[in-house]
Amino acid sequence: MRNQGILDPDGLETDLIGEEIFSSLQKSRLSTVLVIEDNADLNAGLCIRLTHNHMNVISALDGLEGLQAAFREQPDVVLLDLGLPRMHGLKLLHHLRMEPQMADTPVIVLTGTDNPELVAKAERWGVRRVLRKPIRQVHIVDAIQEVLEEG
Amino acid sequence: MSEQHSVGNQEPTERDIVHDLRGPLAAIQACAELLGDEICGGLNEEQHKQIQAVLRNVDRLDEMIASL
């Protein structure tokens, strides 16, 4: 039974505080996805979709910003474009793999390239999935959830 | 910016062009899907049909780009 204070006879304030704590606890259990994509419209669309699918989302619009966000936020998964300004996606991937804390962080590449050499290089550096643009968002969400379950 | 664009002012290759076309196409698709799934608010039947038309044509364009 809820313990209501004299100053909160209807329990409204207690309910609000409870909701806030619940929301905070719920958020802390959500997986964090870092979206590194330089097309701002696609980036925003992905963020809306992943948030809608109960994920914490951080976004970056270029490679350098993405690398800094990765080190700072330690995401559970990175969704990575390759053709990024300021730092190519493969270079970013290389930096991640050199950092012990990020060496095993699952990375999913989302790219428009057909270049098999780039894809092969990304796979050699341990990306979990390579998704080719354009791709239905449900497949991106599925890939992220699969990778999270794989651990 | 394409990851394959060569050094200097060299003409982009077909692979560069294919890559560069897929970025905006993916953005159009993502926006249309968000609308179609009513994540940004409800749609009426006619609006759903129009979104489906956008998505069908994204698929057609994707096939055309892949065949370049």
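The sequence lines fix the lettering, A, B, ..., with proteins before strands; numbering per chain opens at 1. Because the structure is a prediction, the values reported are computed rather than measured.
A donor-acceptor contact shorter than 3.5 Å is absent between the side chain of A/Q137 and the backbone of B/L34.
With a 6.0 Å radius and a threshold of 12 heavy atoms from other residues, nucleotides or ligands, B/E46 has its CD atom above the threshold. Few gaps surround NE2 on B/H48; more than 12 heavy atoms of other groups in view lie less than 6.0 Å from it. Within a 6.0 Å radius of CD in A/E150, other residues, nucleotides and ligands contribute more than 12 heavy atoms.
In this structure, chain A has heavy atoms under 4.5 Å from both the backbone and the side chain of B/L55. Proximity to chain A is limited to the side chain of B/Q29, based on heavy atoms less than 4.5 angstrom apart. In this structure, chain B has heavy atoms under 4.5 Å from both the backbone and the side chain of A/R136.
Taken to the nearest 0.5 Å, the NZ atom of A/K133 stands 12.0 Å off from the CD1 atom of B/I65. Taking SG of B/C40 as the reference point, atom CD1 of A/I48 lies at 5.0 Å (rounded to 0.5 Å).
Residues A/V107 and A/L118 share a single hydrophobic cluster, defined by chaining ILVMFWY side chains whose heavy atoms lie under 4.5 Å apart. A/L110 and A/L84 are not part of a single hydrophobic cluster, where members link through side-chain heavy atoms under 4.5 Å apart. In the hydrophobic clustering of this structure, A/V78 groups with A/V127; members are Ile, Leu, Val, Met, Phe, Trp, Tyr whose side-chain heavy atoms approach within less than 4.5 Å, directly or through other members. Placement of A/I36 and A/L131 in two distinct hydrophobic clusters is found when ILVMFWY residues are connected by side-chain heavy-atom separations under 4.5 Å, directly or transitively. Taking hydrophobic clusters as Ile, Leu, Val, Met, Phe, Trp and Tyr residues chained together by side-chain heavy-atom distances below 4.5 Å, B/V18 shares a cluster with B/V58.
Side-chain contact check for A/T113 versus B/R22: every heavy-atom pair is 4.5 Å or farther apart. Annotation: side chain of A/L82 is not in contact with side chain of B/H19 (no heavy-atom distance under 4.5 Å).
Ionic pairing of A/R49 and B/D37 is present here: one or more N-O contacts between side-chain nitrogen and carboxylate oxygen are shorter than 4.0 angstrom.
For the residue pair A/N39 and B/A27, the shortest heavy atom distance occurs at OD1-CB, 3.7 Å. Taking all atoms of both residues into account, the shortest heavy-atom contact from B/A26 to A/P134 is CA-CB, 3.8 Å. B/D62 and A/R132 make their closest contact through OD1-NH2, 2.7 Å (heavy atoms, listed as atom of the first residue, atom of the second, distance).
Options B/L61, B/D59, B/I28 differ in how many heavy-atom pairs under 4.5 Å they form with chain A, and the most are formed by B/D59.
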